[in-house]
Asker: 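Quick one: the structure is below, questions incoming.
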Amino acid sequence: MLSLHRLPGVPTAKQPLFPSTSTFTHPPRRPTCLFPQSKTLPKPPKFHKSPTALLQWNRKPQLSGETPRVVVVTSGKGGVGKTTTTANIGLSLARLDFSVVAIDADVGLRNLDLLLGLENRVNYTALEVLNGDCRLDQALVRDKRWSNFELLCISKPRSKLPLGFGGKALIWLVDALKSRTEGCPDFILIDCPAGIDAGFITAITPANEAILITTPDITALRDADRVTGLLECDGIRDIKMIVNRVRTDMIKGEDMMSVLDVQEMLGLPLLGAIPEDSEVIRSTNRGYPLVLNKPPTLAGLAFEQAAWRLVEQDTMQAVMVEEEPKRGFFSFFGG
């Protein structure tokens, strides 16, 4: 005769199927299993998407201050990235739907048109406007990629600057840009020449804001500190700083000053920190600014975020990079 045995784990008739301690009339629902029982749940698919600088905001920045905002990009020391910063921040502002006019105030060594790829389209300069040989709109070179970005060169590379050209002439040009029939631009960026001679005095005369470019080396910091004093003496109080060519590996090895060290030495609000990027040289040789690269590089994203902060008159906070411990000779033997 067959006998029935209760399998282990199966409840008997006396035991409820859904034991509970609370008082309710209906048994709880069993949770529905979306995935089959396995040790590890399947991972969601990865979507590879190129980073953009507007991911953290997803909105257009709000323009702060009175327009036009005349900003001079200066440093004192040559070769720290003034022209590169002017080109990339200018096009970043244009991509944010702001009208921008970039003035290359470096009379003897004009390079802004090369970085923008507009060297073959400069037929007239500001000197010919002042002499009455052409109109101002003829001297302005409009970028084909972004129609709200225009370039104005002071003179041609091989022409001699007359002695009468100075700060008053540049103020006249800025006033003419403000009162032109096409409308007043939102930003006027002035690419300042290196040094603190007459070209520097001319470039900073019509400006009411300044972007100070420096690199984390002691020679650039000394020149930047000197230029800061000259800007304040000229009445420019709104001075922000961009630290260019930052290398994290050298900062960790105590071979380069950190951005926080530079900010503590100069005492200026930080507009942006641009990492060292080999793509800068490639974009310069091609006449294609870094912020137009697809996919964007880290330096291009840093320039775009600096332009965003410039629009809203915002600053960023420098962070401390942890330094690597120094390794001695006996560390190779476990000491």
Side-chain angles (χ1 to χ4, degrees), residues 64-65 69-90 92 105-106 187 189-197 199-201 203-205 207-277 280 298-299 301-323:
S64 177
R69 290 173 55 183
V70 185
V71 185
V72 59
V73 183
T74 182
S75 69
K77 188 177 185 299
V80 296
K82 293 185 298 296
T83 306
T84 303
T85 302
T86 306
N88 285 277
I89 287 187
S92 296
D106 196 344
F187 286 90
L189 301 181
I190 302 176
D191 185 17
C192 182
I196 54 175
D197 52 0
F200 168 80
I201 301 300
I204 69 173
T205 300
N208 46 36
E209 299 179 41
I211 299 178
L212 186 65
I213 313 298
T214 184
T215 52
D217 57 87
I218 194 65
T219 56
L221 291 179
R222 173 192 278 183
D223 295 346
D225 184 64
R226 173 65 173 160
V227 167
T228 302
L230 294 177
L231 291 173
E232 292 177 350
C233 291
D234 198 66
I236 302 177
R237 301 294 180 180
D238 190 356
I239 307 173
K240 295 182 177 63
M241 174 181 61
I242 289 182
V243 184
N244 196 16
R245 297 176 183 173
V246 179
R247 292 186 56 177
T248 311
D249 55 342
M250 294 186 66
I251 295 175
K252 291 181 178 180
E254 297 183 359
D255 296 323
M256 177 182 286
M257 285 181 290
S258 65
V259 180
L260 186 60
D261 296 334
V262 174
Q263 189 177 16
E264 289 178 352
M265 292 181 65
L266 295 179
L268 296 175
L270 185 62
L271 188 64
I274 313 300
E276 181 75 27
D277 195 346
V280 176
L298 291 178
L301 292 177
F303 277 122
E304 288 186 354
Q305 293 179 356
W308 186 287
R309 298 186 190 98
L310 179 64
V311 171
E312 297 191 340
Q313 292 185 344
D314 195 6
T315 58
M316 66 175 293
Q317 184 67 31
V319 296
M320 182 179 298
V321 179
E322 294 183 358
E323 299 173 351

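From a predicted model like this one, the values you see are computed outputs, not experimental measurements.
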Asker: Tell me the closest heavy-atom pair linking L221 and M257, and the distance in Å.
Answerer: CD1-CE, 3.1 Å
Asker: Does F187 reach the side chain of I89, with side-chain heavy atoms less than 4.5 Å apart?
Answerer: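 A side-chain contact is absent here, since even the closest heavy-atom pair is not under 4.5 Å.
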Asker: Going from CG on L212 to SG on C192, what distance comes out if it is rounded to the nearest 0.5 angstrom?
Answerer: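 If I round to the nearest 0.5 Å, the distance is 10.5 Å.
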Asker: N244 side chain to V80 main-chain N or O, any donor-acceptor pair under 3.5 Å?
Answerer: yes
Asker: Could I get the full list of side-chain hydrogen bond (donor to acceptor under 3.5 Å, both in side chains) partners for D238, not counting sequence neighbours?
Answerer: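 So D238 forms a side-chain hydrogen bond (donor to acceptor under 3.5 Å, both in side chains) with K240.
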Asker: For the atom pair CG (D217) and CZ (R245), what is the distance rounded to the nearest 0.5 Å?
Answerer: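 Rounded to the nearest 0.5 Å, the CG-CZ separation comes out at 9.0 Å.
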Asker: For the side-chain contact (heavy atoms from CB on, under 4.5 Å) test, which of I242, I274, L189 pairs with T85?
Answerer: I242
Asker: Holding to side-chain hydrogen bond (donor to acceptor under 3.5 Å, both in side chains), I want the full list of residues that pass it with R222, two or more places apart in sequence or in another chain.
Answerer: none
Asker: Taking all non-hydrogen atoms of both residues into account, name the closest pair between L271 and L310 and its distance.
Answerer: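 Smallest heavy-atom distance, with atoms named: CD1-N, 3.8 Å.
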Asker: Side chains of T228 and D225: any donor to acceptor distance under 3.5 Å?
Answerer: no
Asker: Just by modelled atom types, is the I213 backbone N or O under 3.5 Å from a matching donor or acceptor in the K77 side chain?
Answerer: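 Pair absent, no side-chain N/O of K77 close to backbone of I213.
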Asker: Can you tell me how far the CD1 atom of I211 sits from the CD1 atom of I190, to the nearest 0.5 Å?
Answerer: 11.5 Å
Asker: Tell me, yes or no, whether the heavy-atom count around L298 atom CG, taken from other residues, nucleotides or ligands under 6.0 Å, exceeds 12.
Answerer: no
Asker: Quick one: which of V72, I236, V70, V71 gives a side-chain contact (heavy atoms from CB on, under 4.5 Å) with N208?
Answerer: V70
Asker: Got a second to check how far K82's NZ is from T74's OG1, nearest 0.5 Å?
Answerer: 6.5 Å
Asker: So, for I239 and E232, which heavy atoms are closest and what is the spacing to 0.1 Å?
Answerer: CD1-CG, 3.9 Å
Asker: As an exercise, state the distance from CG of D261 to CE of M256, rounded to the nearest 0.5 Å.
Answerer: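 Reported to 0.5 Å precision, the distance equals 11.5 Å.
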Asker: Provide the closest heavy-atom pair for P193 versus A105 in the form atom of the first, atom of the second, distance.
Answerer: CD-O, 3.9 Å
Asker: I need the minimum non-hydrogen distance between M316 and A273, along with the two atoms involved.
Answerer: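 Closest pair (atom of M316, atom of A273, distance): SD-N, 3.9 Å.
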Asker: Could you tell me which residues satisfy salt bridge (charged side-chain N to carboxylate O under 4.0 Å, His left out) with R69, sequence neighbours excluded, listed by chain and number?
Answerer: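 Counting only residues at least two positions away or on another chain, R69 forms a salt bridge (charged side-chain N to carboxylate O under 4.0 Å, His left out) with E209.
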Asker: Enter the distance from T214:OG1 to D223:CG here, rounded to the nearest 0.5 Å.
Answerer: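 T214 atom OG1 to D223 atom CG measures 8.5 Å (nearest 0.5 Å).
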Asker: Give the minimum heavy-atom separation between M265 and I218, together with the two atoms involved.
Answerer: CE-CD1, 4.2 Å
